[in-house]
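Some notes on the structure that comes next.
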Number of protein chains: 2
Amino acid sequence: MLYAGFMSAPLPPFPSHEEPSADAPELLQLGSPDDEPCLRADAARNRARLLEAAGKLVAEHGASCVTMEAVAAEAKVGKGTVFRRFGDRTGLLAALLDHTEKKFQAAVITGPAPLGPGAPPQERLKAFGLALLRRSADELDLQLAAEPSAERRYSNAPRRFLRGHVLILLRQIVPDADCELLALTLMQYLDPSMIHYRTRICGMPADRVEAGWLDLVDRLTRTAPSA
Amino acid sequence: MLYAGFMSAPLPPFPSHEEPSADAPELLQLGSPDDEPCLRADAARNRARLLEAAGKLVAEHGASCVTMEAVAAEAKVGKGTVFRRFGDRTGLLAALLDHTEKKFQAAVITGPAPLGPGAPPQERLKAFGLALLRRSADELDLQLAAEPSAERRYSNAPRRFLRGHVLILLRQIVPDADCELLALTLMQYLDPSMIHYRTRICGMPADRVEAGWLDLVDRLTRTAPSA
DNA sequence: AAACTAAACGGACCACGGTCCGATTGGCCC
DNA sequence: GGGCCAATCGGACCGTGGTCCGTTTAGTTT
């Protein structure tokens with residue numbers, strides 16, 4: 001887990017799954033080094049079986065057919081266990097995306113330039129968006145299905161991490177701007193539902209969307225001309 | 001109805017509520033002059049009662065407590081009738097927002113400058129965003145509750161209308177840019193869930209968000225400096 | 001005004017997300 | 001090994017969104 005606090009606390013009574021609701025977009029805290037912390041043997045086994053079952057169902061019938069009961073049945077486990085482990089449906093789907101998310105985060109933090117460190121910040125930002133657009137091209141159905149409700153959409157850990165990264169880069173490029181707001185705007189361009197709309201509904205080709213990203217970065221990181 | 005095709009077709013067998021899924025962001029078609037077209041007397045009466053009932057429930061207990069059954073019961077009408085009339089829950093909530101939406105559209109099309117016609121396009125664009133931000137400050141709960149699923153989020157009629165307006169203005173300001181993409185980006189800044197996050201979760205003050213809009217418009221409508 | 005028909009009605013019905021709580025069991029201490 | 005207890009389990013249960021289809025009724029035709 002490169003991002004903090006995601007599916008790690010022992011889940012007090014039953015449904016807690018607390019995301020640290022205080023939002024501190026400044027720092028991208030890494031915390032929680034090991035995966036599932038001290039899960040009881042049966043719990044860990046069931047978790048694995050559930051993820052496997054869910055993955056199988058997604059592969060076979062698509063993300064929209066993954067009901068909690070079906071996953072429980074496929075994993076030969078009670079329905080309550082699924083909810084206990086993953087909180088809710090979006091939690092389960094998010095856990096399914098966790099692997100590629102971690103890989104992506106690792107590539108951003110320690111991978112080769114220009115996505116990873118080494119390149120100038122604006123280059124990194126451009127590479128970041130392109131990489132995210134491409135990742136979402138696969139996974140899109142799952143990402144859409146895993147989208148949390150409007151109230152929590154921008155608060156969840158993976159998004160906060162990614163936005164935090166964008167924020168850091170922006171601060172280096174345009175330190176005088178309101179970088180929090182700019183980061184939010186940039187990240188929205190990469191939002192799964194937006195990607196879905198542009199490519200699947202409007203039918204925009206991928207290269208146009210990618211060019212749009214590069215252009216957006218240019219426009220947002222330009223400093224005022226005169227005035 | 002200033003926007004086209006929204007809750008107007010006679011709803012063939014049962015659940016149709018077809019939005020014209022072809023997306024033509026170029027023109028903002030006004031169509032459908034009169035309100036509910038040729039609705040049978042009982043249907044029209046029930047529709048009004050349902051809207052009244054829903055409005056009352058929202059006012060009393062908040063949008064989240066508005067269940068379809070509760071509305072049906074309050075209006076003394078069968079549950080099936082609610083779905084027949086409004087398609088689904090988001091349709092009902094959207095209908096509740098329809099009045100202010102129409103007013104807003106009217107202000108944009110025929111109202112006084114700078115929101116309405118007369119002012120230079122960039123001024124209009126800035127005024128547009130500020131007005132929308134302020135409108136969403138009220139209504140926010142309802143707008144969040146009325147948000148359609150990720151697949152349809154950007155396809156619904158009111159959003160398409162607003163985006164079409166932004167598009168027209170953008171074309172006048174930066175004709176050489178990819179205005180569809182820029183319009184999408186601008187509209188996302190005004191998205192209810194985004195507003196919710198910035199103001200209610202991050203706690204940003206309204207004037208910061210408004211300044212952010214003005215800045216965003218400036219940055220996006222700047223033409224390339226040199227290169 | 002009687003007959004006719006398409007539309008609207010309404011509530012039983014279903015599927016799914018989410019919760020509860022009594023039964024079970026893994027891990028630890030003696 | 002035996003006993004203890006907290007964590008886990010699992011499936012009955014509930015509320016809500018959404019559907020179906022037999023029944024009723026508004027509007028029209030003759």
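A, B, ... follow the sequence lines: proteins, then strands. Residue 1 opens every chain.
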*Among C:dA8, D:dC9, C:dG10, the nucleotide that comes nearest once only the side chain of B:Val77 is considered*: C:dG10

*Between B:Thr100 and B:Glu139, do the side chains contain an N or O donor and an N or O acceptor separated by less than 3.5 Å?*
yes

*With the side chain of B:Phe83 defined as its heavy atoms from C-beta on, choose the nearest nucleotide among D:dA12, D:dG18, C:dG10.*
D:dG18

*Are B:Arg152 and B:Asp88 ion-paired here, with the side-chain N under 4.0 Å from a carboxylate O?*
yes

_Of the listed nucleotides C:dC16, C:dG11, C:dC9, the one nearest the side chain of B:Lys79_ = C:dG11

*Could you tell me the separation between the NZ atom of B:Lys76 and the C1' atom of C:dC9, rounded to a whole number of Å?*
17 Å

*Figure out the CZ/P separation between A:Arg47 and D:dA7, and round it to whole Å.*
19 Å

*Does a salt bridge link B:Glu180 with A:Arg208, judged by any charged N lying under 4.0 Å from a carboxylate O?*
yes

*To the nearest angstrom, how far is A:Asn46 atom CG from C:dG26 atom C1'?*
12 Å

*Mind calculating the distance between CD (B:Glu69) and C1' (D:dT19) to the nearest angstrom?*
13 Å

*Considering only D:dC9, C:dC9, D:dG18, which nucleotide approaches the side chain of A:Arg85 most closely?*
D:dC9

*Nearest to the side chain of A:Arg89 - D:dG10, D:dG18, C:dG18?*
C:dG18

*Could you give the CG-to-P distance, from A:Leu92 to C:dG18, as a whole number of Å?*
11 Å

*A:Arg49: partners by side-chain hydrogen bond (donor to acceptor under 3.5 Å, both in side chains), with sequence neighbours left out*: none

*Hey, is B:Glu101 close enough to B:Arg159 for a salt bridge, meaning N to O under 4.0 Å?*
no

*Between D:dC9 (P) and A:Arg49 (CZ): distance, integer Å*: 10 Å

*Salt bridge check: are A:Arg153 and B:Glu147 linked by an N-O gap of less than 4.0 Å?*
yes

*CG of A:Leu50 versus C1' of D:dC9: gap in Å, rounded?*
11 Å

_Per-nucleotide protein contact string for nucleotides 25-30 of chain D, where B marks a base within reach and S marks sugar-phosphate only (heavy atoms under 4.0 Å, - for neither)_ = BSS---

*For the side chain of B:Arg84, counting heavy atoms from C-beta on, which of D:dT8, C:dC13, C:dC9 is nearest?*
C:dC9

*Calculate the interatomic distance between A:Met68 atom CE and D:dG11 atom P; express it in whole Å.*
16 Å

_If you compare every side-chain N and O of A:Thr81 against the phosphate oxygens of D:dG10 (OP1, OP2), does one of them come in below 4.0 Å?_
yes

*Mapping A:Ala43 and B:Thr67 to their closest nucleotides on DNA chain D, which lands nearer the 5' end?*
A:Ala43

*Salt bridge check: are A:Arg200 and A:Asp141 linked by an N-O gap of less than 4.0 Å?*
yes

